[in-house]
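Chain naming here is simple, since letters A, B, ... match the order of the sequence lines and numbering starts at 1 in each. No hydrogens, no waters, no symmetry mates; every other heavy atom, side chains included, goes into these values.
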There are 2 protein chains.
Amino acid sequence: MATRTDAPTRREQILKEAARLFAERGFHGVGVDEIGAAVGISGPGLYRHFAGKDAMLAELLVGISGQLLTGAKRRLAEADGGPAGAVLDSLIEGHIDFALDDRPLITLHDRELDRLRDSDRKLVRQLQRQYVELWVEVLREVYPALAEPAARSAVHSVFGLLNSTPHLGRPGSLPGRTATAELLHRMARGAFAAAGGDAAPYG
Amino acid sequence: MATRTDAPTRREQILKEAARLFAERGFHGVGVDEIGAAVGISGPGLYRHFAGKDAMLAELLVGISGQLLTGAKRRLAEADGGPAGAVLDSLIEGHIDFALDDRPLITLHDRELDRLRDSDRKLVRQLQRQYVELWVEVLREVYPALAEPAARSAVHSVFGLLNSTPHLGRPGSLPGRTATAELLHRMARGAFAAAGGDAAPYG
DNA sequence: GAAATGCGTTAACGCTCATTAACAAAGGTG
DNA sequence: CACCTTTGTTAATGAGCGTTAACGCATTTC
């Protein structure tokens, strides 16, 4: 992977701050002046970099969905041929990394989708659907007894579990990133196993 | 339980429709005229029943949190003395019922909290905290090896899992309410078991 | 060195939208 | 019947906010 050492461009600064603010107070709850102030320029100055407020949200949401899907495809290709369980583990790991590193984006992802123009929304939904289907296929390889509708529900539910990171308190009240990632991973596996039919008795 | 047979009061109609609309398009995305139209009156007519738009949201959110907490306390009292696993099952069942029956409220619950006046927000957060702590205590009874921070994270994550119902598609694409409830219940148990230290191997 | 371009600024416009004012009709109550 | 309360209505108000206009100033480019 190529690590960038150059300074972030102004566009990137804006997107990052906009994501944070949108996640904190919602798309409608944030004014362009605020976004501008967060990067040290005035509200209307943003229009040199984006067509409008909507455009920022669109770029963020399309970017998120695309990034998730691309990462998943890569992991699938890398681990192909290996045991299906390992592929599922890899998918889980990737999603957790994203959820822990980009909490604001995770929040936006299922909160502000409706605010998009039709075409953008369709694109995002399509990317999301592909991402889900990819998980469903891997999951059903691991648990062949699982019917497709149940598998899809299970995948959505595990996304809910993994995307709970924004509710986990600020990073500091957490037992450390590694421990949190491991806990989430174990829980996701446990949830899938239970959905797949394995007994999960108490005690 | 007393089942009401009388017609819903106008206040209740308004709250129900407001909840649905807020969940669909967000607090700021819905106008008072729309809420009014949904119950057959005009926008300003709402002010005969509520002090303002904010008041509707506040009453909804406080109501949700209170309802969840009250229900959990009742279940705890009913099942007290029995095995801790059964109490946990009862809590899960209650939360699932709520998540499946009142999807819009579940959505609002963690989406629009910041829009509240300080006092209301504090109240809601306090109710939420009590609800979480109640789960944490029961969970640690079932899995004594689980440290408190991990238990709290696990509870939040399972809430994420159970609250994923709004993403599960309209009731119709689902394999039926009962089956969905059972699936969610099994997954929640499996996730807790995995968090608690039980092995959850693949295959 | 002049012109174009990139990146800001502040002021003004226009629209949306919550809220309030002013008024009306129905129904109970003395 | 007269009166008050309840529950509406439509019109007006006023604030907030996204967007555009008009302008300034480095920096690059020919």
Worksheet item: Heavy atoms, side chains only, cut-off 4.5 Å: are B:Ile35 and B:Val39 in contact?
Response: no
Fill in: Distance, rounded to the nearest Å, where A:Ile35 contributes CD1 and D:dC17 contributes C1'
12 Å
Worksheet item: Tell me the salt bridge (Lys or Arg N to Asp or Glu O under 4.0 Å) pairs involving residues 37-57 of chain B, sequence neighbours left out?
Response: none
Item to complete: Applying salt bridge (Lys or Arg N to Asp or Glu O under 4.0 Å), name anything that partners A:Glu78, two or more places apart in sequence or on another chain.
Response: A:Arg74
Fill in: B:Arg125: salt bridge (Lys or Arg N to Asp or Glu O under 4.0 Å) partners, not counting sequence neighbours
none
Could you list the donor-acceptor pairs under 3.5 angstrom formed between side-chain atoms of residues 57-73 of chain B and any protein atom two or more places apart in sequence or on another chain?
unit_1, atom_1, unit_2, atom_2, d
B:Glu59, OE1, B:Arg11, NH2, 2.5
B:Glu59, OE2, B:Arg11, NH2, 2.6
B:Ser65, OG, B:Leu61, O, 2.9
B:Thr70, OG1, B:Gly66, O, 2.7

Worksheet item: Expressed in angstrom and rounded to an integer, what is the separation of B:Met56 atom CE from C:dC17 atom C1'?
Response: 13 Å
Item to complete: Just grab all the salt bridge (Lys or Arg N to Asp or Glu O under 4.0 Å) pairs involving residues 148-158 of chain B, residues at least two apart or on different chains.
Response: B:Glu133-B:Arg152, B:Arg140-B:Glu148, B:Glu148-B:Arg152
Fill in: Set of salt bridge (Lys or Arg N to Asp or Glu O under 4.0 Å) partners for A:Arg121, sequence neighbours left out
A:Asp118
Item to complete: Only counting residues at least two apart or in another chain, list the ones meeting side-chain hydrogen bond (donor to acceptor under 3.5 Å, both in side chains) with A:Ser90.
Response: A:Arg75
Worksheet item: According to a strict under-4.0 Å criterion, is B:His49 in side-chain N/O contact with OP1 or OP2 of D:dT6?
Response: no
Just the atom pairs and distances: protein N or O near nucleotides 23-25 of chain D's N or O, under 3.5 Å.
none

Fill in: Protein-nucleotide distance (A:Phe50, atom CZ; D:dG18, atom P), rounded to Å
15 Å
Discussion item. Which residues pass the salt bridge (Lys or Arg N to Asp or Glu O under 4.0 Å) test with B:Asp120, not counting sequence neighbours?
Written reply: B:Arg117
Worksheet item: Once you round it to whole Å, what is the distance between C1' of D:dT7 and CD of B:Gln13?
Response: 13 Å
What pairs of nitrogen or oxygen atoms, one from the protein and one from nucleotides 18-21 of chain C, lie under 3.5 Å apart?
unit_1, atom_1, unit_2, atom_2, d
C:dA18, OP1, B:Val30, O, 3.2
C:dA18, OP1, B:Lys53, NZ, 2.9
C:dA18, OP2, B:Val32, N, 2.8
C:dT19, OP2, B:Tyr47, OH, 2.3
C:dT19, OP2, B:Lys53, N, 2.9
C:dT19, O5', B:Tyr47, OH, 3.1

Discussion item. For B:Arg177, is there an ion pair with B:Asp97 - N to carboxylate O distance below 4.0 angstrom?
Written reply: yes
Practice prompt. Just report the end-to-end axis angle for the helix from C:dG1-D:dC30 to C:dG30-D:dC1, five pairs per end, to 10 degrees.
Written response: 10°
Worksheet item: Under the ring pair (Phe, Tyr, Trp, His ring centres under 6.0 Å) rule, what pairs show up with a residue in residues 4-47 of chain A, not counting sequence neighbours?
Response: A:Phe22-A:Phe27
